[in-house]
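Working notes, structure below.
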Amino acid sequence: RRPSAGFGLMRVQDVMTQPVVRRADSTGLGSIGLLRTFQGTYTVFAVDPANPNHLLAADNTTKEMKASADGGIKWFPLPALTAAVTDTGKFLFSKDIVSFATVIAWDPTNSCHILVGTLQNGVIRSVDGGLTWKQVAGSRVVTYVTSFFFPPAGEIWMSSYGRGLWTLSVDRKRPASSRCAFPSPP
């Protein structure tokens, strides 16, 4: 929690040698959205396991999903992801400090594959590293998505707050080129 207002992000690197701690929300990120349950409160952001400079977060200040390609030094909006999460404005982006996007996760076996859970709009998915986003067909029945678990292969498990565990059957293969591009700042 920031001293002024809202929730920010810090980055720690080189932990095993000479640790460096710095802000990872300097330019372009207001307050990170939260997922609230009776058991705890969780910030809605994620780090690409293949590249720790690639970050995604829900920004409750500007009501946008945002990305950073430089480890949080500069953040920029992702209009396509914001539109997918809110179903082009049919849902509010946030209420107070709670974000409509509830969880963001990269597939550790394929960093081109990213999932975003929502309160009432199912699961939003990118298969190209975050360049394009689309709702997973049939996922809208799962509300209040709280987490994803990626086994080494097969179906993805996801939890929902008060609605049980679910499996998500999607193609998890890397693109044919074996490369994907993370969004660039405009």
Q.
Starting from V20 and following side-chain heavy-atom contacts under 4.5 Å between hydrophobic residues (I, L, V, M, F, W, Y), which residues can be reached?
A.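 Other cluster members: none.
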Q) Taking ILVMFWY side chains as joined if any heavy atoms are under 4.5 angstrom apart, and letting links pass through other members, which residues group with M16? A)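 M16 clusters with nothing; isolated.
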Does [Y] offer a backbone N or O that forms a donor-acceptor pair with the side chain of [X] under 3.5 Å?
X    : Y   : value
D96  : V98 : no
T102 : L35 : no
Y161 : F38 : yes
T86  : F93 : no
S94  : I97 : no
D25  : S31 : no
T82  : M65 : yes

Tell me every residue that passes side chain to side chain donor-acceptor pair (under 3.5 Å) with [X], counting only those two or more places apart in sequence or in another chain.
X    : value
S139 : none
T132 : D128
R172 : D107, T109

List the residues meeting side chain to side chain contact (heavy atoms under 4.5 Å, CB included) with [X], not counting sequence neighbours, and say none if there are none.
X    : answer
V15  : V12
D59  : L29, T61, T62, K66
V127 : H113, R125

Do [X] and [Y] sit in the same hydrophobic cluster, where Ile, Leu, Val, Met, Phe, Trp and Tyr count as joined when their side-chain heavy atoms come under 4.5 Å apart?
X    : Y    : result
V47  : I104 : no
Y42  : L34  : no
I114 : L81  : yes
V103 : V123 : yes
I156 : V141 : yes

Q) Does atom CD of Q18 have more than 12 heavy-atom neighbours, drawn from other residues, nucleotides or ligands, at distances under 6.0 Å? A)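 No - once you tally the heavy atoms of other residues, nucleotides and ligands closer than 6.0 Å, there are 12 at most.
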Heavy-atom closest pair, residues [X] and [Y]:
X    : Y    : value
A67  : L56  : CB-CD2, 3.7 Å
G130 : P183 : O-CG, 3.2 Å
A57  : F45  : CB-CB, 3.8 Å
V44  : S99  : CG2-CB, 4.4 Å
W157 : P151 : NE1-CG, 4.2 Å
L55  : W75  : CB-CH2, 3.5 Å

Q.
Between F150 and N110, is the side chain to side chain contact (heavy atoms under 4.5 Å, CB included) condition met? List the steps.
A. CA-CA 10 Å; F150 298 89; N110 174 4; over 6 Å; no
What distance do [X] atom [atom1] and [Y] atom [atom2] have between them, rounded to the nearest 0.5 Å?
X    : Y    : atom1 : atom2 : result
L115 : F148 : CG    : CZ    : 4.5 Å
T143 : Q120 : OG1   : CD    : 7.0 Å
F76  : S184 : CZ    : OG    : 6.5 Å
S126 : W106 : OG    : CH2   : 9.5 Å
Y144 : T37  : OH    : OG1   : 7.0 Å

Q: Decide side chain to side chain contact (heavy atoms under 4.5 Å, CB included) for T118 and F91; before the verdict, give the C-alpha distance in whole Å, the side-chain angles of both, and the deciding distance to 0.1 Å.
A: CA-CA 10 Å; T118 68; F91 296 100; over 6 Å; no
Q: Kindly state each residue pair satisfying ring-ring contact (aromatic ring centres under 6.0 Å, His included) with at least one member in residues 115-137, sequence neighbours excluded.
A: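 Passing the test, one end in residues 115-137: no pairs.
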Any side-chain heavy-atom pair of [X] and [Y] under 4.5 Å:
X    : Y    : result
S111 : R174 : yes
V85  : F100 : yes
P19  : D14  : no

(Q) Once side-chain hydrogen bond (donor to acceptor under 3.5 Å, both in side chains) is applied, what residue pairs with a partner in residues 43-53 remain, sequence neighbours excluded? (A)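 Passing the test, one end in residues 43-53: R11-N53, D48-H54, N51-H54.
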Q. Under the salt bridge (charged side-chain N to carboxylate O under 4.0 Å, His left out) rule, what pairs show up with a residue in residues 140-164, not counting sequence neighbours?
A.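 Sorted pair list: D87-R140.
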Q) Quick one: salt bridge (charged side-chain N to carboxylate O under 4.0 Å, His left out) pairs with a partner in residues 68-80, sequence neighbours left out? A)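 Qualifying pairs, neighbours excluded: none.
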